[in-house]
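Some notes on the structure that comes next.
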Amino acid sequence: MKKPIVLFFFVMFVIGTDTFLVSPLLPMLQVQYHVDVNQSGWIVSAYALGYAIFALIAGPISDQFDRKKVMMYGMIAFSLTTFLCGIAPTFFFMLLFRFLAGVSAAFVTPQVWASIPSLVSSNQILKSIGIASSGLAISQMLGLPIGSYFASFYWSVPFFVLCFCSLLLVVGIRLLPSIRSISSPSKSSFLHTYQHVFQKPGARKLLFAYFLFQMGNFAAFSFFGMWLHEDFHLSVTKIGVALLVLGAGNLCGSVLGPAIVKKVGSRLFLAVGLLSLAILYMILPLSSSLFIVEGMLFVIYFLTGILFPIMMNMMQGISVSARGTIAALSNTFMYGGTMIGSAAAAYLYKMSSTFSTVTLFTSVFFIISFFLFHHHGKTTSKVRATV
């Protein structure tokens with residue numbers, strides 16, 4: 001089943017590029033739409049809001065129908081709405097189209113995470129999740145600078161390129177075999193499906209810990225570009241190049257993570273990784289050297305690249321029959337965290353005029369997430385951990 005996993009890699013690359021594209025473009029979009037930094041943060045939040053709301057619908061649908069078809073139609077819609085972002089005439093329409101792009105993506109990425117356990121053996125799940133999530137990592141490493149390069153011609157060009165790539169992926173998805181849920185009740189209501197998931201031991205605590213982690217994670221990420229522009233005076237193109245290190249770190253973490261986790265243990269690495277990230281974010285804005293900042297960002301995203309598959313695999317173990325719903329819930333919490341985190345970061349950045357308040361916000365929520373994950377590990381043995 002190597003070909004589907006490779007296809008999932010490219011799906012996550014395109015979706016990830018669209019997700020992360022806006023960060024280095026915020027200074028340019030501020031000028032384009034004549035908005036301040038606080039308002040510009042909603043370009044990120046609108047996408048996240050659309051995803052967070054509609055993933056709640058996409059999950060149960062995918063558990064009752066063919067995941068392949070749900071993924072294919074979602075990608076078609078994603079291609080169209082991404083194109084519309086490139087021709088948005090006003091700030092209002094940009095927010096609307098980013099919202100709709102998030103809605104479309106909500107029907108695509110949960111199918112990736114939910115399909116992997118059905119396509120590979122149990123001892124290959126973590127590795128396969130790592131391969132798919134490395135698509136997100138490479139979207140940071142290559143997608144952002146490529147997007148910044150295309151934006152140097154005109155701000156809308158990156159959206160048009162993504163639209164074309166999405167259409168190519170529709171063809172690949174169409175060639176997949178049917179992927180249906182294992183032992184999923186064909187006529188379960190949405191309410192019963194979610195009730196089934198939330199009644200599982202530790203499920204609510206696990207999902208909430210993930211939500212807090214992503215809220216802190218994307219609060220900082222959404223304003224990396226603004227910070228590099230204002231404190232280090234980098235242009236949009238140079239910001240894209242500087243952020244190569246995020247993708248490089250995440251990619252290395254995704255590739256090397258399974259071997260490291262196998263030696264260290266998933267729960268121990270999860271605890272050490274979260275606390276290390278909290279400390280790194282606290283000291284990140286204190287450096288005036290771009291070289292040191294780049295090194296710290298590499299380490300931060302190296303750890304994140306290892307932690308993400310661990311968290312995703314833990315959540316997929318909540319229920320075998322509702323993997324699509326769980327994947328959608330985890331993505332809802334991720335984008336809900338993105339929406340709240342980026343909006344909070346925009347407010348903090350505007351009020352304090354310093355990035356350190358944003359990274360402190362991130363550190364606090366990583367620490368809270370650590371305690372929730374730690375308590376979950378002590379109180380339940382029924383949620384499957386990574387092996």
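The model shown is predicted, which means the values in this text are computed figures rather than measured ones.
- Between the side chain of S222 and the backbone N or O of A219, no donor-acceptor pair lies under 3.5 Å.
- A side-chain donor-acceptor contact under 3.5 Å links S356 and T354.
- A distance of 12.0 Å separates CG of L7 from CE of M12, quoted to the nearest 0.5 Å.
- In terms of heavy-atom proximity, G253 sits nearest to I306 at O-CG1, 3.3 Å.
- Looking at I15 and V112, their side chains never come closer than 4.5 Å, going by heavy atoms from C-beta outward.
- In this structure, S79 contributes its side chain and M75 its backbone to no donor-acceptor pair below 3.5 Å.
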Residue pair T362, N217: steps toward the side chain to side chain contact (heavy atoms under 4.5 Å, CB included) verdict | CA-CA 6 Å; T362 295; N217 181 39; 5.9 Å; no
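- Expressed to the nearest 0.5 Å, how far CZ of F365 lies from CG of L360 amounts to 10.5 Å.
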How far apart are the C-alpha atoms of M311 and Q214, what are their side-chain angles, what is the distance that settles it, and do they pass the side chain to side chain contact (heavy atoms under 4.5 Å, CB included) test?
-> CA-CA 11 Å; M311 295 177 184; Q214 293 294 4; 5.8 Å; no
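- Using a 4.5 Å cut-off between side-chain heavy atoms of Ile, Leu, Val, Met, Phe, Trp and Tyr, with links allowed through other members, I173 and L168 fall into different hydrophobic clusters.
- Under the 4.5 Å side-chain heavy-atom criterion for ILVMFWY residues, a single connected hydrophobic cluster contains both I260 and L275.
- Counting only heavy atoms from C-beta outward, the side chains of L246 and F221 approach each other to under 4.5 Å.
- Side chain of K68 to backbone of R174: a donor-acceptor contact under 3.5 angstrom is found.
- Of the possible donor and acceptor atoms, one in the side chain of S369 sits under 3.5 Å from a partner among the backbone N and O of A209.
- For the side-chain contact (heavy atoms from CB on, under 4.5 Å) with F373, the lone residue among L307, L270, L212, I310 that qualifies is L270.
- Side chains of L169 and F10 form a contact here, defined as non-hydrogen atoms less than 4.5 Å apart.
- Rounding to the nearest 0.5 Å places CZ of F302 at 10.5 Å from CG of N250.
- Taking hydrophobic clusters as Ile, Leu, Val, Met, Phe, Trp and Tyr residues chained together by side-chain heavy-atom distances below 4.5 Å, F8 does not share a cluster with V171.
- Two rings, from F160 and F164, have their centers 6.0 Å or more apart.
- Between F97 and T82 there is no side-chain heavy-atom pair separated by less than 4.5 Å.
- Across all non-hydrogen atoms, the minimal contact from L280 to M296 is O-CE, 3.4 Å.
- When side chains are defined from C-beta on, F211 does not count as touching L207, because their heavy atoms never get closer than 4.5 Å.
- There is a path of hydrophobic side-chain contacts, each under 4.5 Å, that joins V264 to L256.
- Atom OH of Y33 is surrounded by more than 12 heavy atoms from other residues, nucleotides or ligands within 6.0 Å.
- Ring pair Y281/F224 is parallel by interplanar angle, where below 30° counts as parallel and above 60° as perpendicular.
- Looking at M312 and Y210, their side chains come closer than 4.5 Å, going by heavy atoms from C-beta outward.
- When hydrophobic clusters are built by joining Ile, Leu, Val, Met, Phe, Trp and Tyr residues whose side-chain heavy atoms come closer than 4.5 Å, directly or via intermediates, V31 is not grouped with L29.
- Nearest heavy-atom pair, C85 versus M94, reported as atom, atom and distance to 0.1 Å: O-CE, 3.3 Å.
- Taking the six-membered ring where tryptophan is involved, the planes of Y349 and F223 are essentially parallel, since the angle between them stays under 30° and well short of 60°.
- Using modelled atom types, no side-chain atom of S287 and backbone atom of L284 make a donor-acceptor pair closer than 3.5 Å.
- Contact annotation: the side chain of F54 approaches that of F99 to within less than 4.5 Å [non-hydrogen atoms, C-beta and beyond].
- The SG atom of C163 sits 10.5 Å away from the CG atom of D18 when rounded to the nearest 0.5 Å.
- Taking the ring centroids of F213 and F366, they lie under the 6.0 Å cut-off.
- Atom CG of L290 is separated from atom CG of L234 by 6.0 Å, given to the nearest 0.5 angstrom.
- Nearest heavy atoms, F298 versus C252: CZ-SG, 4.1 Å.
- A donor-acceptor pair is defined here as one N or O able to donate and one able to accept, closer than 3.5 Å; such a pair exists between the side chain of S104 and the backbone of L100.
- Once rounded to the nearest 0.5 Å, the distance linking CG of L348 with CZ of F355 reads 11.0 Å.
- A 6.0 Å sphere centred on OH of Y347 holds no more than 12 heavy atoms belonging to other residues, nucleotides or ligands.
- Annotation for I116 and S128: closest pair CG2-CB, 3.6 Å, computed over non-hydrogen atoms.
- Residues F107 and Y73 place their aromatic rings such that the two centres sit no closer than 6.0 Å.
- Side-chain contact check for L372 versus F208: some heavy-atom pair is nearer than 4.5 Å.
- Between W227 and F232, the ring center distance clears the sub-6.0 Å criterion.
- Taking a 6.0 Å sphere around CZ of F91, one finds it holds more than 12 heavy atoms contributed by other residues, nucleotides or ligands.
- Minimum interatomic distance between L303 and G273 (heavy atoms only, all atoms of both residues): CD1-O, 4.3 Å.
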